[in-house]
Every structure is written in structure tokens, then in C-alpha cells.
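Each ligand, and each atom within it, is numbered from 1 in the order the structure gives. Computed from a predicted structure; not experimentally measured. Positions are given from 1, in the same order as the sequence printed here.
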Amino acid sequence: MIIYGATLSPFVRKVLVVAAEKGLAVESKPIGLGSKDPDFRAASPFGKIPALRNGDFTLCDSSAIVHYMEAVQPAPAMIPAAAEDRARTIWYDEFADTIFVAAAGKIFFNRVVAPLLMKRPGDQALADKAEAEEMPPIFAYIERMLPDSGHLVGDALTLADIAVASPFVNLAHAGVVPDAELYPRITAFVAAMLARPSFAPLVAAERRMLAGITASAASPA
Ligand SMILES: N[C@@H](CCC(=O)N[C@@H](CS)C(=O)NCC(=O)O)C(=O)O
């Protein structure tokens, strides 16, 4: 099974973490945005990452890919069977993909993607505004919803935890870390999630990559 897309994308990171938690063997092809790779474009007709290929079967969209993985490899379940837990898991995935990533993406794009990867200035005012105005209600919501178990749904690891944890990596790359005093549950949740063997190597590789680009930008050969 091939997954196309660089893990700097919160959506790509999400599907690779789900695959790792399930023990699914995937080959990661870290293509970047705008790739014209014909195999990737056949799997993702609108050019968005992630996309998947499994033999002749192709699919795009992180949530669709997670549902496919869940059907191919049901255990361990990342989408609970019980009606309410299942529905809440889908909600958290949707919340992360749309509300959370929409806000965090303004920060990550303008502070990291534009200056480091696209070599052009980002819109710092837009990033600052998103950090000041859009993030606090999102953080407050997640803080309020996190139970003592540290898992968003059903006291066990689900897609909900993975989807909501993933954009925190992008925020950290952009220098945004929720205040531990204001958000103690988020702080513990993010630390626990990113320490998992499914997340940790991806995040470490991203940090190395970004540090390398920052260093070469600071001292061009
Ligand atoms: N709903 C999609 C969103 C995918 C998406 O927007 N990915 C971004 C990267 S984070 C992308 O490919 N952007 C390129 C573009 O829109 O052309 C998913 O969950 O996979």
C-alpha cells in the first residue's frame, strides 16, 4: 500500500499514524504539493495529499483513506463500533480536518511553508491574527472535551485522538505551543500522543528536515 504525500501535511501525518497503529505495511512517497507524478495524479485527481494506491485501487482524502484502512485491517479499531462513540470519532476527525487545520494552517503556511519551503515571505499579520483570535476558542474546546483518560472518545486510542493531535505538530513547527497552565489537559494529551511509536519518528524526521532547511538558509553555501 502506497501513501503519497509529505508528512508535514497534518492529513498525511494522520493516515501514516493510523497505518502504524494498525501495523499496516505502507510505503510512504513523500511527494510535495503540486507534484505532477502521474501515479500520484491518478490517485488524487485534484492534486491534494494524501492519496493512496493499493494495487489497482486508488483513493484520496485522509478520512476516506482511514476508513479504507479500517476495513482492510479492522484490529486494532481506530473507529469504534458503538453508535455514539463512532459518531463522536467522526465529528472529531471532521473538527480537526476543517475547523482546527483551517486555523492552524494559516499559522503554519505563513510562518513555515512560505518562508522555508517556497522561499517567499508569508503573511505574518494573517498568522498572528489566527494565533490571537482563532486558536484560543479551539484550544478551549479541546481542553474542555478531554477526559481524565486522556482519550477523546471511549477511553481508548481512536482516530479522534490521532486527527486532533496531528495539527499540534504543525503548530509546534510554527512556534505555537499551548500554554501549559491554561491548557494542562492539552499539554498532557499532545505529549502522550507525540511520544507514541506511531507519531514520534515522523515528528523527529520533520524536525530534522525543517532544521536542515533553516540552517542552510542561514548560511547559504
Ligand atoms: N480533506 C482533505 C484535505 C487534503 C488537503 O487539502 N491537503 C493539502 C495539504 S495539507 C493539499 O494537498 N493542498 C494542495 C492543494 O490544495 O492544491 C484530506 O483530508 O485529505
Side-chain angles (χ1 to χ4, degrees), residues 1-22 24 26-54 57-72 78-79 88-120 122-123 126-127 130 134-135 138 152 158-174 176 198-199 202-203 205-207 209-210 213:
M1 191 182 294
I2 296 170
I3 296 292
Y4 299 97
T7 70
L8 278 180
S9 158
F11 307 111
V12 174
R13 194 183 301 111
K14 177 177 82 178
V15 303
L16 288 177
V17 169
V18 168
E21 291 289 348
K22 286 182 165 294
L24 270 170
V26 295
E27 180 188 350
S28 166
K29 291 208 170 176
I31 54 131
L33 296 181
S35 170
K36 299 279 186 281
D37 177 314
D39 289 340
F40 161 63
R41 294 305 296 228
S44 184
F46 297 96
K48 290 187 186 287
I49 55 174
L52 168 148
R53 174 178 296 278
N54 194 12
F57 178 71
T58 60
L59 187 66
C60 60
D61 189 272
S62 62
S63 300
I65 291 169
V66 169
H67 279 259
Y68 175 70
M69 288 176 167
E70 188 78 1
V72 166
M78 292 295 124
I79 302 175
R88 288 174 58 237
T89 298
I90 302 306
W91 151 245
Y92 281 120
D93 184 40
E94 182 68 14
F95 157 74
D97 284 4
T98 56
I99 296 169
F100 190 7
V101 170
K106 291 175 193 168
I107 301 169
F108 181 66
F109 181 84
N110 289 298
R111 290 188 190 162
V112 178
V113 177
L116 287 186
L117 305 179
M118 300 171 84
K119 311 290 182 204
R120 65 171 175 81
D123 183 339
L126 190 73
E134 295 186 50
M135 295 320 308
I138 291 173
L152 284 161
T158 67
L159 168 62
D161 298 319
I162 296 168
V164 170
S166 187
F168 280 105
V169 179
N170 296 77
L171 287 176
H173 289 328
V176 176
S198 54
F199 256 109
L202 300 181
V203 178
E206 291 173 34
R207 286 197 176 126
M209 197 264 278
L210 291 174
I213 297 173

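- Nearest heavy atom pair, residue G5 against residue I49, reads CA-CG2, 3.7 Å.
- Partners of F100 by ring-ring contact (aromatic ring centres under 6.0 Å, His included), not counting sequence neighbours, listed by chain and number: F168.
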Which pairs of N or O atoms, one from ligand 1 and one from the protein, are separated by less than 3.5 Å, and what is the distance for each pair?
unit_1: ligand 1; atom_1: 1 (N); unit_2: D61; atom_2: OD2; d: 3.0
unit_1: ligand 1; atom_1: 7 (N); unit_2: I49; atom_2: O; d: 2.9
unit_1: ligand 1; atom_1: 12 (O); unit_2: I49; atom_2: N; d: 2.9
unit_1: ligand 1; atom_1: 16 (O); unit_2: K48; atom_2: NZ; d: 2.6
unit_1: ligand 1; atom_1: 19 (O); unit_2: S62; atom_2: N; d: 3.3
unit_1: ligand 1; atom_1: 19 (O); unit_2: S62; atom_2: OG; d: 2.6
unit_1: ligand 1; atom_1: 20 (O); unit_2: S62; atom_2: N; d: 2.8

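- Between A130 and I107, the closest heavy-atom pair is CB-CG1, 3.9 Å.
- In this structure, E21 contributes its side chain and M78 its backbone to no donor-acceptor pair below 3.5 Å.
- Listed by first and then second residue, the side-chain hydrogen bond (donor to acceptor under 3.5 Å, both in side chains) pairs that reach into residues 2-12 are Y4-R53, T7-E206, sequence neighbours excluded.
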Can you give each donor-acceptor pair under 3.5 Å made by side-chain atoms of residues 28-40, sequence neighbours left out, with the distance rounded to 0.1 Å?
unit_1: S35; atom_1: OG; unit_2: D37; atom_2: N; d: 3.1
unit_1: D37; atom_1: OD1; unit_2: D39; atom_2: N; d: 2.8
unit_1: D37; atom_1: OD1; unit_2: F40; atom_2: N; d: 3.1

